[in-house]
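Report on one structure; see the data block that follows.
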2 protein chains.
Amino acid sequence: MAGVTDPTPGLNSEQLGAYFALTEVSSLLQYAVDEHLRSAGDLSYVQFQILARLVHVPGGKLRMTDLADGVVYSRSGLTYQAGLLDKRGLITRSPSPDDERSVIVTVTDAGRDLIARVLPEHAERVRQLLFEPMNGQDLAALSAILGRVREHMRATPPRSAKPRAARGRGN
Amino acid sequence: MAGVTDPTPGLNSEQLGAYFALTEVSSLLQYAVDEHLRSAGDLSYVQFQILARLVHVPGGKLRMTDLADGVVYSRSGLTYQAGLLDKRGLITRSPSPDDERSVIVTVTDAGRDLIARVLPEHAERVRQLLFEPMNGQDLAALSAILGRVREHMRATPPRSAKPRAARGRGN
DNA sequence: TATTGTTATACTCTATAACTATA
DNA sequence: TATAGTTATAGAGTATAACAATA
C-alpha cells in the first residue's frame, strides 16, 4: 500500500479503508432500496421514511416538526414531501387542537396499506444485500459499534450547530 | 402494532436496528462531510470523489468511463460534473491518443492543490465523527464486516442488472 | 418576540433520449 | 454494430427568504 494510496492526514490506511467501505456499502444499499421503493410503491426514500415513521407511531399521528426532526430536512422540504403524500391520499394534515400553529399529520388507511405492501420486499432486499454475508456475531458487533457511533454523532454537532428544536441535550 | 415496533417481515429487530443505525450514521456523516467540502472548497461530494480519484492515480489521468465506473453516475451526469470541474480549471479533458473515442481526464495543479488543501480537514471530520468512539478492535471488526458486505453487494446485482462495463465478474 | 408551517423562487443534480464520432 | 462521450431537456428535490398565523 506504500505507493498507491498516499497516507491521508488524520486517518491511517485502515481507517481510510473502513470509511470507504462504509460509504460504498451505504451508497449501494441506498441505491437498491431507492429503486425498489420507487418501482414498487412510487415512493422516494424520504416519503417512505415519513410514512414508516407514522405507521410505527401509536395513533399514526405526528406533528410536522416531529417529522422534520427525524428526517434531516428543512421545513419547506418536509412541506413539499408531505404535500405529495397528501395529494396521493396517503396522509392527511389538520391543525392541532392543542396548538393552532401546529399541523398534525396522520397516515390514512391507504398509506398503511401501501407501507404494508412495500415493506416485506424492502426488508427482504436489505436482508439479502446487507445481512446475508453476516453471522450472528458480526451482526452483534456491527450493532454495537454503529450504535455507539450514532450516539456520538448525535452528541457532536458539526461545529456550526444551529440550536434547533431540542435535540437530545446536545444544544 | 402490538407494542411500539412491530416486527418487520424478513428482518428481526436486531437487524432492523443495525440497518437504521447504518442509515443514520452514513447519513449524518455524509451531511457533515458535504457541508465541509462545500464551504471549504466549493465542492460537492461527487466532485471531491472525482478529484480525489484522479489525485490518487499515478499520472493523475483517467478515462471518463473509468471515472463513471467508480462513481455510480450516468455518463451524462459525469459529463456535467466534469464540465463544472473543467470550467474551474481543476481538471482538463483531452482525447485519448490510443482510442479517439475516449476522453482522458487529468487533474491540474490547481486541482491537486485544492484537494491537498481540503483533505486534511475532511479526514479530520471523518476521524472525529466516525472513528473517535472506536477502539482498534472495533475498527478491525468494522473493516472486516463491511469489506465482506461490499464484496457481496458488488457481486449481487440488484435483480435487474444491466450488464455494464465489466464489473468484477458479477455478470 | 418566538414558534409553526407554507409559499415563491432559484438552483443543483440526475436521468433519458437523441446525436456524433470512432472502433 | 458497438462503444465513448456530449447535448438537450425535463423532472425531482432542496434550501433560502419572505410571509402569515398563533403562542
Side-chain angles (χ1 to χ4, degrees), chain A residues 27 30-31 34-35 37-39 41-50 61-88 91-106 160 162-167, chain B residues 27 30-31 34-35 37-39 41-50 61-88 91-106 158 160 162-167 171:
Chain A
S27 160
Q30 188 73 32
Y31 194 81
D34 271 10
E35 191 210 26
L37 289 175
R38 188 133 59 106
S39 69
D42 195 26
L43 289 173
S44 71
Y45 190 68
V46 186
Q47 292 166 2
F48 173 74
Q49 276 184 301
I50 293 173
K61 296 173 194 298
L62 281 174
R63 293 186 314 146
M64 290 291 281
T65 297
D66 299 329
L67 280 173
D69 253 18
V71 197
V72 191
Y73 283 158
S74 60
R75 295 173 185 285
S76 67
L78 181 61
T79 297
Y80 171 74
Q81 295 292 346
L84 294 180
L85 294 175
D86 196 341
K87 205 177 303 175
R88 289 176 59 186
I91 63 170
T92 60
R93 287 178 288 179
S94 54
S96 165
D98 303 336
D99 184 337
E100 285 287 327
R101 293 172 304 181
S102 295
V103 167
I104 300 282
V105 180
T106 310
S160 71
K162 298 174 192 169
R164 275 214 300 152
R167 184 179 281 286
Chain B
S27 160
Q30 188 72 34
Y31 194 81
D34 271 9
E35 191 209 26
L37 289 175
R38 187 133 60 104
S39 69
D42 196 24
L43 288 173
S44 70
Y45 189 68
V46 186
Q47 293 167 359
F48 172 74
Q49 275 184 302
I50 293 173
K61 295 174 196 299
L62 282 174
R63 294 186 313 148
M64 289 291 282
T65 298
D66 298 330
L67 280 173
D69 253 19
V71 197
V72 192
Y73 283 156
S74 61
R75 296 173 183 286
S76 66
L78 181 60
T79 297
Y80 170 75
Q81 294 293 346
L84 295 180
L85 293 174
D86 197 341
K87 205 177 302 176
R88 288 175 60 185
I91 65 171
T92 59
R93 284 177 290 177
S94 53
S96 164
D98 303 334
D99 185 338
E100 286 287 325
R101 293 172 303 182
S102 295
V103 168
I104 301 282
V105 180
T106 310
S160 72
K162 297 175 193 169
R164 274 215 300 153
R167 183 178 281 288
N171 171 283

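Just so we're on the same page: letters track the sequence lines, and every chain starts at 1.
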**OP:** Would you mind reading off the distance between B:M64 atom CE and C:dT22 atom P, rounded to a whole angstrom?
**Re:** 17 Å
**OP:** Taking only the side-chain nitrogens and oxygens of B:R75, find out if one of them lies under 4.0 Å from OP1 or OP2 of C:dT14.
**Re:** no
Original post:
Quick one: does A:T92's side chain get under 4.5 Å of A:V105's, heavy atoms only?
Top reply: no
Original post:
For A:R38, which contact category applies under a 4.0 Å heavy-atom criterion: base, sugar-phosphate, or nothing?
Top reply: nothing
Original post:
Is there a side-chain contact between A:D86 and A:L84, using heavy atoms and a 4.5 Å cut-off?
Top reply: no
Original post:
Tell me: OH of B:Y45 to P of C:dT14, nearest whole Å?
Top reply: 13 Å
Subject >> Gap between atoms CG and P, on A:D42 and D:dA12 respectively (whole Å) >> reply: 9 Å
Subject >> B:V103 versus B:R93, closest heavy-atom pair with distance >> reply: CG1-CB, 3.8 Å
Original post:
Can you tell if the side chain of B:I91 reaches within under 4.5 Å of the side chain of B:T106, non-hydrogen atoms only?
Top reply: no
Original post:
Is the shortest heavy-atom distance from the side chain of B:L67 to the side chain of B:L78 under 4.5 Å?
Top reply: yes
**OP:** List for me each residue that meets side chain to side chain donor-acceptor pair (under 3.5 Å) alongside B:Q81, sequence neighbours excluded, and say none if there are none.
**Re:** B:Q47
Subject >> Proximity to the side chain of B:Q81 - top-ranked nucleotide from C:dT6, C:dC13, D:dG5 >> reply: C:dC13
Original post:
Quick one: does B:L43's side chain get under 4.5 Å of B:R88's, heavy atoms only?
Top reply: yes
Subject >> B:D66 vs A:V46, nearer the 5' end of DNA chain D by closest nucleotide >> reply: B:D66
Original post:
What's the NZ-P distance between A:K87 and C:dT7, to the nearest Å?
Top reply: 11 Å
**OP:** Could you check whether B:T79 gets within reach of a base, just the sugar-phosphate, or nothing at all, counting any heavy atom under 4.0 Å?
**Re:** base
Subject >> Separation of atom OH in B:Y80 from atom C1' in D:dA10, rounded to whole Å >> reply: 14 Å
**OP:** Check every strand shown and say whether A:S96 touches a base, only sugar-phosphate, or nothing at a heavy-atom separation below 4.0 Å.
**Re:** nothing
**OP:** Please report, rounded to the nearest Å, how far the C1' atom of C:dC13 is from the CD atom of B:Q30.
**Re:** 14 Å
Original post:
For the pair made of CZ in A:R63 and P in C:dT4, what is the distance, rounded to whole Å?
Top reply: 6 Å
**OP:** Could you check how far CG of A:L78 sits from P of D:dT16, rounded to whole Å?
**Re:** 15 Å
Original post:
Could you run down nucleotides 17-23 of chain D 5' to 3' and tag each one B, S or - for protein heavy-atom contact under 4.0 Å?
Top reply: -----BS
Subject >> Of the listed nucleotides D:dG5, C:dT12, D:dT16, the one nearest the side chain of A:S74 >> reply: D:dT16
